[in-house]
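Note that the coordinates shown come from a computational prediction; the quantities given were computed from them, not determined experimentally.
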Amino acid sequence: MTPRPSSSGPEPRKTTGKKTAQAAEKAVAKKAVAKKATAKKATAKKAVANKKGTQKTATEKTATKQAAPREAVAPPRAEVAVSPALDAGDRERLLAGTHHDPHAVLGAHRVPGGVAFRAFRPYALAVTVLSGKLRVELHDDGDGFFSGLVPLAEVPLHRLLVAYEGTVQEVEDPYRFLPTLGELDLHLIGEGRHEQLWRALGAHPATHDGVAGTRFAVWAPNARGVRVAGGFNFWDGTGHPMRSLGSTGVWELFLPGVGAGELYKFEITRPDGSRTFRADPLARRTEVPPATSSVVHASDYTWGDEEWLAHRADAPAHEAPMSVYEVHLPSWRPGLTYRQLAEQLPAYVADLGFTHVELMPVAEHPFGGSWGYQVTGFYAPTARLGDPDDFKYLVDRLHRAGIGVLMDWVPAHFPRDDWALAEFDGRPLYEHSDPLRAAHPDWGTLEFDFGRREVRNFLVANAVYWCEEFHIDGLRVDAVASMLYLDYSREPGQWTPNEHGGRENLDAVAFLQEMNATLYRRVPGVVTVAEESTAWDGVTRATHHKGPSGFGGLGFGLKWNMGWMHDSLEYMSREPVHRTYHHGELTFSMVYAYSENYVLPISHDEVVHGKKSLVSKMPGDWWQQRANERAYLGWMWAHPGKQLLFMGQEFAQGAEWSEAHGPDWWLLDPEYGAAADHRGVRDLVRDLNTVYRATPALWRRDTHPSGFAWVVGDAADDDVVAFLRLDADGTPLLAVSNFAPVVRSGYRLGVPDDVPAWHEVLNTDAARYGGGDVLNPHPVKPDAQGWHGRPASIRLTLPPLATVWLRPA
């Protein structure tokens, strides 16, 4: 439906001669009443008159700049004038906040007898229309309504002179402007295919018809009316109702004079007539929590990461080195802003050799204790650390340091706060209309209705937004399993099967496929990572390739290997004497290692809520705990898959992580007696990353079986595993882990016979890491004795609780 332009007036009312006479009598009566106005209003009018007589108005100045200004021409005498005042129905709907088209009745409109001017200015004492030399004081119709009929043939450009108690303001009339959204925007929104939705909805400073202001637009299809409230109208939206644009459910209003930095919310009249103030779902900036208002934002940031973006797509993520440092920005260095973090975080991460950081959710959230996983502002970086341009600065500095930026993204659910998305316009909108489908059983939140095209559009565009506007290199999608299954954490009777009688959430499947396909198409070099904790088939398979289940792939680039994490930590937490009987926990991951493209995550979830930090999970005394962690990290970095390590674990922090104080950096202070122990583990992580990035055998064929070969995987009695990692040209790296607390001298391992000698490039027992310095310092030459099914073998000294890497000398 084409929106009616604001210059079109209401249908002219039919009048008889008798009614015309009555109207004339009423007009005379109204003039008599006006003459008896209060002294306060007389004073206001006098102030207006003085302003008119003593200076040239801004309208006069603007009118001289307008192309082809319209002349004030008297209308044909045949027209019979009508009363310009609003009828009772329009007045009531405007006062109640239920008018769907205020532009059709407010502003200036051609009517029989001339042009009707109508203004709705609550608390105003007087309103005067200014247009060139034209000055028309409008009649006070009560309740903030003002009107006047001027014998003009065309609607002129005009401004308003509004008198309040103690002040007079010359302003633009917001109800003289055509809609700021075009037919294409509305069509794409209606179809759920607006891939840059944030450019259409929300609040955008703009110049419209030569006038500076902000255009507001919000999707609220169930609302009876929507108004804009903010600091610019003292949080009373009565005088700023929005218009509904056809059947799209979008409401729009251009407010002249409102600029960046203004606070605002939408005042929504719900179907039952009650009202609610809501933050903008597409606000690009918010107040600092616990305040909840949206903020009008205009970015002026200039990026400097052109070189990074130019080469980001040179190689797909699964064929490139990826070593990820997971960070909770508010607590990494508590108290630092985005810009202050930008001076420290890139240098720290680059020094340790990580290729990427993964930021725990950055989008705005009301409760810091949720770590960002309960989002209310999906399009706004949290204001706790600065404004959106400050966050861009942090991303930019990371890119310039050669570090990619992944971001946790939470499209599965949202909190129930009554100022945010829950029942946004009075009815379930973003959440599912079925209460069984809407309520998330684990977190007390609401699940998105993935079957509604506008909701899918909101989320798909949000994924694109972070990658296009903030140059994010990838999204780690949280809680994918909770999206995929209708019975997730639900008992029988608490869920409804899909149309095929199954438990798969077909709407969520379609959403994830659309999100991935859209993002990979639009953003070169981007990667999406699924936190999916089940064995769903085809998480990282292309969306157009169907698997045994009949579903196309979900289209992710990578998937967190939750099974590897669980099994390996279970193994490592056991006393070495018991590990012999649980050797399969260490080796089982290779049974399915190539079923998906995997990331090996030691994330924040594994070092909180009583799970202990990584080093504290390990058995034994302090020396053994650190040795176990070092051996585990060496084995992890050599295992097929990308690596992810949560902050604090890189220097063997003993305490669990807390968002209240972050990592225990004091452990690295030279004044602390055991600082060398912690610095040693950090030095190991640095060397692991250095050798890893320089050794294509460790990442080039991460997702292909030809990149891995067991040397020995069944030495359970020895607590030893050994395997080869292979580059595309066959160049090997030999990784050997001894998870027993004893030195194994002369340990024989089968190796290829085409390598003349092997050189130890990394040993987690080195003294500089805090180990016992049991090394293989000289090149090791193979002999012709076959071993482990191979034609040659070498004899190594295996340090206790350690991992050793060797390359061809």
Side-chain angles (χ1 to χ4, degrees), residues 97 197-205 214-223 225-237 240-242 249-253 255 258-270 274-298 361-368 370 372-388 391 410-411 413-431 445-446 448 454-455 457-459 461-462 465-466:
L197 186 66
W198 69 93
R199 297 187 183 276
L201 301 183
H204 295 267
T214 295
R215 57 182 180 88
F216 294 90
V218 63
W219 178 60
N222 298 309
V226 184
R227 304 190 283 206
V228 183
F232 44 83
N233 58 16
F234 302 98
W235 294 101
D236 183 349
H240 289 136
M242 305 176 76
V250 174
W251 301 74
E252 179 268 352
L253 179 65
L255 283 184
V258 175
E262 292 279 8
L263 305 181
Y264 71 99
K265 281 188 177 181
F266 294 115
E267 181 186 358
I268 296 174
T269 303
R270 296 180 278 212
S274 62
R275 297 176 193 159
T276 177
F277 280 86
R278 296 291 173 137
D280 183 357
L282 278 95
R284 293 169 296 147
R285 183 181 172 190
T286 69
E287 281 190 288
V288 178
T292 60
S293 294
S294 303
V295 182
V296 177
H297 175 66
V362 173
E364 192 59 271
H365 50 283
F367 176 50
S370 77
Y373 289 98
Q374 295 193 11
V375 179
T376 49
F378 281 80
Y379 284 79
T382 180
R384 294 170 174 85
L385 308 180
D387 65 29
F391 179 59
V410 193
H413 62 123
F414 57 91
R416 296 173 179 265
D417 298 74
D418 60 6
W419 49 268
L421 294 183
E423 293 193 352
F424 181 76
D425 58 3
R427 291 178 181 164
L429 187 65
Y430 289 92
E431 67 271 41
T445 53
L446 295 170
F448 281 103
E454 297 94 342
V455 175
N457 192 173
F458 174 81
L459 292 171
N462 187 241
Y465 169 75
W466 289 105

**Asked** Are the ring centres of F458 and Y465 closer than 6.0 Å?
**Response** no
**Student check: side-chain heavy atoms of T292 and P366 closer than 4.5 Å** = no
**Request:** Report the residues that fulfil salt bridge (Lys or Arg N to Asp or Glu O under 4.0 Å) with R227, sequence neighbours left out, ordered by chain and then residue number.
**Result:** E267
**Request:** Mind listing the closest non-hydrogen atom pair of W251 and A220 along with its distance?
**Result:** NE1-O, 3.0 Å
**Request:** Look at the side chain of N233 and the backbone N and O of G230, then say whether any donor-acceptor pair between them is shorter than 3.5 Å.
**Result:** yes
**Request:** Taking the side chain as every heavy atom from C-beta outward, state whether H240 and L253 have any atom pair closer than 4.5 Å.
**Result:** yes
**Request:** Can you see which heavy atom on V218 is nearest to which on V226, and at what distance?
**Result:** CG1-CG1, 4.1 Å
**Asked** Considering residues at least two apart in sequence or located in another chain, which fulfil the salt bridge (Lys or Arg N to Asp or Glu O under 4.0 Å) criterion with E364?
**Response** R384
**Asked** Closest heavy-atom contact between F216 and M242?
**Response** O-CE, 3.5 Å
**Message:** Would you say that V375 contacts F414 through its side chain, given a criterion of any heavy-atom pair below 4.5 Å between the two side chains?
**Reply:** no
**Item:** Main-chain N/O of P281 paired to Y379 side chain as donor or acceptor, under 3.5 Å
**Value:** no
**Asked** Quick one: does T445's side chain have a donor or acceptor within less than 3.5 Å of a partner on H413's backbone?
**Response** no
**Item:** Under 3.5 Å: donor-acceptor pair, side chain of W466, backbone of F378
**Value:** yes
**Request:** Could you grab the distance from atom NE2 of H297 to atom OG1 of T214, nearest 0.5 Å is fine?
**Result:** 12.0 Å
Report, one line per pair, each donor and acceptor closer than 3.5 Å where one atom sits in a side chain of residues 423-430; sequence neighbours left out.
residue	atom	partner	partner atom	Å
D425	OD1	N222	ND2	3.2
D425	OD2	N222	N	2.7
D425	OD2	N222	ND2	3.3

